[in-house]
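Everything below concerns the one structure shown next.
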Amino acid sequence: MEWWSALSLILVSLIFLMMTGMPTAFCFLLVNIIGAFVLWGGEIGLAQMVLSIRSSITNFSLVPVVLFMLMGAILFQSGMASQIVKTVNKWFGKLPGRLSFLSILTGTLFSTLSGSSMASVAMLGSTMVPEMQRYEYKKPMAIGPILGAGTIAMMVPPSGLGVFIAVVAGISVSRLLIAIIIPGILLAVLMGLYILIKCWLQPSLAPPYDVEQFTLSEKLLDAVKYILPLAIVVFLVTGVIIVGIATPSEAAATGCLGTILLAAAYRKFNWNVLKNSMKATIRLSSMILLIMASAAAFSQILAFSGATSGLIDFMVHLDMPPIVAVIGIQFLIAIMGAFMHVTGIIMIILPLFVPIVDNLGLDPVWFAVITLLNCELASLTPPFGMMLFVMKGVCPEDTSLMDVIKAGFPFLLIALAVLVSILVFPELTLWLPDLVGSK
């Protein structure tokens, strides 16, 4: 069978299974089982697939995924996350669009903790949007920032999706986590500036209202009490990687320990917090590990069928600049994002195209950062972006899908501008990892 026939058969089977509503991990697992049985010689092939899955999920580089989830779960279950939001809220005062800024902050925090932008959008859409409408916030400033927050969250370490992409792509986890810092900051600054300028030019979008006033000493005291200790935890997670004194796995462990000690210092760490945090971590990590195991087996099926080598050979011999090939891949991701969950996109795109990017002489980490941002962008892209439908489902009944699309469009353009900037200036992602000598 020709490589293109094998690739077409595998992808069509996969897309068909996804259209049935079957969970992504099970779709890949079923294709892997059939592929292993057919290509690897029946029962022997199935035994080989089991060994492949076992080796993929016993990979030490997966430790940060589980520990980052545990750290987030402890922050959430202990109530520290909500206390941090309340503390920051005191500093906003009568800032134009203060609830929009709060949505950005809260959405980023909860997306990072849950590992899912869509879960964060669903939670915030059902709680923050009615609250903002009560203060007569218009839909663009009530809905848009929540959608924008999901994009920022995946570009902020510790990014569970970032670790997932690094493992599937076979690249350095620490290098990727450092590489997303500058794009993440750029996204947050541009979105914050947009909200500030828009609300200043059109005050009717976010009318000012009376808020409880706090003295400077009260705000400083809360900042020292709740924000400063969190900064120490952030250093234990990201800082130790940047300065080169810990691997991502060690950083995840120190961050987790720091979070537990912080919760204990606030007297918010008890048996129920630990039990609920462990339950949430086990539930999420088992799902992600199953997806990663399926991704590893899927990569081997593609390689054994000749699809990977055939596609690499085809792309390398095309008479076009490498950057054009990368742009074409990103367009493909944008199309796939209209119909598929982000994990499915990553599991299909990275095993196929990371070897091609490597052969074209481009940096796989740079490509992974672009893919990470574009996957979030795709879920915001009309008319079928999945995040748009999630937001529509939890907003008040008088909110139409067109309202959601219009509200999210400026934030989509901002994220797109950052994506183009990374394409044109790879140094935005590679400068910091090269500076700290991350490998």
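Every side chain to side chain contact (heavy atoms under 4.5 Å, CB included) that Leu261 has, sequence neighbours left out, goes to Leu257. Scanning for ring-ring contact (aromatic ring centres under 6.0 Å, His included) contacts around Tyr194 gives Phe411, with sequence neighbours left out. Residues passing the side chain to side chain contact (heavy atoms under 4.5 Å, CB included) test with Pro229, sequence neighbours excluded: Leu262, Tyr266. By the side-chain hydrogen bond (donor to acceptor under 3.5 Å, both in side chains) test, Gln330 pairs with Asn374, sequence neighbours left out. Qualifying side-chain hydrogen bond (donor to acceptor under 3.5 Å, both in side chains) partners for Lys392, counting only residues two or more places apart in sequence or in other chains: none. A search for side chain to side chain contact (heavy atoms under 4.5 Å, CB included) contacts involving Ile260 returns Ile74, Phe269, not counting sequence neighbours. Taking the side chain to side chain contact (heavy atoms under 4.5 Å, CB included) definition, one finds that Val357 meets it with Leu362, Phe367, sequence neighbours left out.
No side-chain donor-acceptor contact under 3.5 Å links Thr399 to the backbone of Cys395. In this structure a side-chain-to-backbone donor-acceptor pair under 3.5 Å is present from Trp366 to Ile422. Listed for the Ser100 side chain is a donor-acceptor partner under 3.5 Å among the backbone atoms of Met141.
Across all non-hydrogen atoms, the minimal contact from Pro364 to Val354 is CB-CG1, 4.4 Å. Nearest heavy atoms, Ala368 versus Leu176: CB-CD1, 4.0 Å. In terms of heavy-atom proximity, Ala166 sits nearest to Ser172 at CB-O, 4.2 Å. Taking both residues in full, the closest heavy atoms of Ile152 and Gly184 are given as CG2-O, 4.4 Å, listed atom of the first, atom of the second, then distance. Scanning all heavy atoms of the two residues, the minimum distance from Ala179 to Val369 falls at CB-CG2, 3.8 Å. Residues Ser103 and Met132 share a closest heavy-atom pair of OG-CE, 3.4 Å.
Annotation: salt bridge (charged side-chain N to carboxylate O under 4.0 Å, His left out) contacts involving residues 346-373, sequence neighbours excluded, comprise Arg175-Asp363. Sorted by first then second residue, the side chain to side chain donor-acceptor pair (under 3.5 Å) pairs that include residues 217-226, not counting sequence neighbours, are Lys90-Asp222, Thr215-Ser217, Thr215-Glu218. Listed by first and then second residue, the salt bridge (charged side-chain N to carboxylate O under 4.0 Å, His left out) pairs that reach into residues 257-282 come to none, sequence neighbours excluded.
Taken from CG in Leu412 to CG in Leu147, the straight-line distance is 9.5 Å, to the nearest 0.5 Å.
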